[in-house]
Protein chains: 2
Amino acid sequence: MSPRLAGTPAQAATREELSPVDGLAQLSFVIMGMLERRAAEHDLSLAQTRLLGVLRDRRPAMNELARLLGLDKSSITGLVDRAERRGLVVRVPSAADRRAVLVSLTDDGRLLVSQAAARFEADVSTMLNGLPPRQRATLSRLVSQLLAAHAAGQGVDLFATVDAEAR
Amino acid sequence: MSPRLAGTPAQAATREELSPVDGLAQLSFVIMGMLERRAAEHDLSLAQTRLLGVLRDRRPAMNELARLLGLDKSSITGLVDRAERRGLVVRVPSAADRRAVLVSLTDDGRLLVSQAAARFEADVSTMLNGLPPRQRATLSRLVSQLLAAHAAGQGVDLFATVDAEAR
DNA sequence: TATTGTTATACTCTATAACTATA
DNA sequence: TATAGTTATAGAGTATAACAATA
């Protein structure tokens, strides 16, 4: 009960297993913390990192970007402005629709996000190495199942190939 | 490889298990998203929620609060200002040190954070119910082990009783 | 002198509303 | 008219540096 909303380890915890909810909440804070610290090493905020992240395999319009990141289009303008000022992304006029602007990673942007991602990935891997291989494999499988079940419950198929859509 | 930094499900994913890193990263985004949405229902930002969260079982000085939340003390001033303006916390002069100010949840603040926490907890529970009981128990145990191992690696004992300190 | 907290300032991030250009 | 994007504006959140009060 009473999940650790602050991301701070429970104090006065009895020496027992965490509740499932507390465990997942704490783990999420730990992992997001890793991401934020690695991003910060490259002077990237979480918002900038997410922007570069979605651009790794897409070249969306501002419009689409707002949908992907769950932000208002006016927020995207500023986010892309700052990234473009740093030379991490470029705006490209759309050939199909003269109102639209496509956003694309530059080589610098791709390098930066790849480096941050690699370090983050290493952090998570290191943490996972704290578990014996068998248990690590089990955890991974259960997490995948959990995500798949959750996505299904949300009407989304995690493993659906959506390449046909919006590329 | 290449974790989904954006918190967006992979597209073009083959119909296989996610990599351990991707799985944990995605799961963290899902869970943080649940927390943010539930907090937002009470007009709470993640920062405000974390503030109220740490105050649930502490009455720290501004100083201590900065340490607990990992923020600069000047950031705490504003955070507490806004919470106090809403009547969620109060500043109390320290009896022991006339420079210090203690921060304490009000009844309103406690109610608000409890409601948000309960809804968040329900979200995570619902997600976990997507797994059969046995697997759920296994996941919970592995997550606890993972956190304990990670905390140990960081020189922190998750289960240490720190009540003696800073209360 | 050192520590506690606030203030001044600047920047990022986000949203709403109004606007321009194109469809 | 509707949609794509920007601008104006406002507010939260964060940090650095300088400051006042107290230890």
Side-chain angles (χ1 to χ4, degrees), chain A residues 5-7 32-33 35-37 39-54 59-86 88-104 166, chain B residues 5-7 32-33 35-37 39-54 59-86 88-104 166:
Chain A
L5 300 186
M32 295 302 291
L35 178 54
E36 282 190 59
R37 266 182 292 105
E41 288 180 353
H42 298 271
D43 285 300
L44 290 174
S45 65
L46 202 44
Q48 288 288 320
T49 305
R50 293 217 308 144
L51 168 63
L52 302 187
V54 301
R59 209 181 66 166
M62 300 291 285
N63 207 10
E64 182 74 355
L65 214 36
R67 195 184 59 73
L68 289 166
L69 296 176
L71 299 174
D72 190 84
K73 55 183 177 163
S74 65
S75 303
I76 301 299
T77 297
L79 216 48
V80 170
D81 281 350
R82 291 183 288 275
E84 195 169 27
R85 217 178 294 140
R86 284 180 63 180
L88 304 178
V89 307
V90 281
R91 281 177 165 92
V92 182
S94 164
D97 184 339
R98 289 192 1 234
R99 296 171 300 180
V101 180
L102 307 182
V103 183
S104 181
Chain B
L5 299 186
M32 295 302 291
L35 179 54
E36 281 189 60
R37 265 182 292 106
E41 288 179 354
H42 299 270
D43 284 300
L44 290 174
S45 65
L46 202 45
Q48 288 289 319
T49 305
R50 292 219 307 146
L51 168 64
L52 301 187
V54 300
R59 210 182 62 166
M62 300 290 285
N63 207 10
E64 182 75 355
L65 214 35
R67 194 184 60 73
L68 289 166
L69 296 177
L71 299 175
D72 190 84
K73 55 185 177 163
S74 65
S75 304
I76 302 299
T77 297
L79 216 49
V80 170
D81 281 350
R82 291 183 289 273
E84 195 169 28
R85 217 178 294 139
R86 285 180 62 179
L88 304 179
V89 308
V90 281
R91 281 177 166 91
V92 182
S94 164
D97 184 339
R98 288 187 7 231
R99 295 170 302 179
V101 180
L102 307 181
V103 183
S104 181

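Here the structure is a predicted model, which is why all the values come from computation and not from measurement. Sequence lines set the chain letters: A, B, ... in the order given, protein chains first and strands last, and positions in each chain run from 1.
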(request) Check the pair B/D81 / B/R86 against salt bridge (charged side-chain N to carboxylate O under 4.0 Å, His left out), numbers first and verdict last. (result) CA-CA 9 Å; B/D81 281 350; B/R86 285 180 62 179; over 6 Å; no
(request) To the nearest 0.5 Å, tell me how far A/M62 CE sits from A/S75 OG. (result) 10.0 Å
(message) Does B/I76 reach a base, just sugar-phosphate, or nothing at all? Heavy atoms under 4.0 Å.
(response) nothing
(message) Just the rounded figure in Å: distance from P of C/dT22 to CG of A/N63.
(response) 17 Å
(request) Hey, could you give me the CG/CD1 distance between B/L69 and B/I76, rounded to the nearest 0.5 Å? (result) 5.0 Å
(request) Round to a whole Å and report the spacing from CG of A/D81 to C1' of C/dC11. (result) 14 Å
(message) To the nearest 0.5 Å, what is the distance between CG on A/L52 and CD on A/Q48?
(response) 6.0 Å
(message) I need the A/L65 CG to A/L71 CG distance, nearest 0.5 Å.
(response) 8.5 Å
(message) Measure NZ/B/K73 against C1'/C/dT7 and give the value in whole Å, please.
(response) 12 Å
(request) Give a yes/no on whether any side-chain N or O of A/S75 is located under 4.0 angstrom from OP1 or OP2 of C/dT14. (result) no
(message) I'd like to check A/H42 versus A/T49 (side-chain heavy atoms, cut-off strictly below 4.5 Å). Are they in contact?
(response) no
(message) Quick check: on DNA chain C, is the nucleotide nearest A/L79 upstream (toward 5') of the one nearest A/R98, or the reverse? Name the residue that is more 5'.
(response) A/L79
(request) On DNA chain D, reading 5' to 3', which nucleotide is the first and which the last to sit with an atom under 4.0 Å from a heavy atom of chain B, could you check? (result) D/dA12 to D/dA23
(message) In whole Å, I'd like the distance from the CE atom of A/M62 to the C1' atom of C/dT22.
(response) 16 Å
(request) Would you kindly give the CG-to-P distance between A/D97 and C/dT20, to the nearest whole Å? (result) 19 Å
(message) Given the structure, check if the side chain of B/S94 and the base of C/dT4 hold any donor-acceptor pair shorter than 3.5 Å.
(response) no
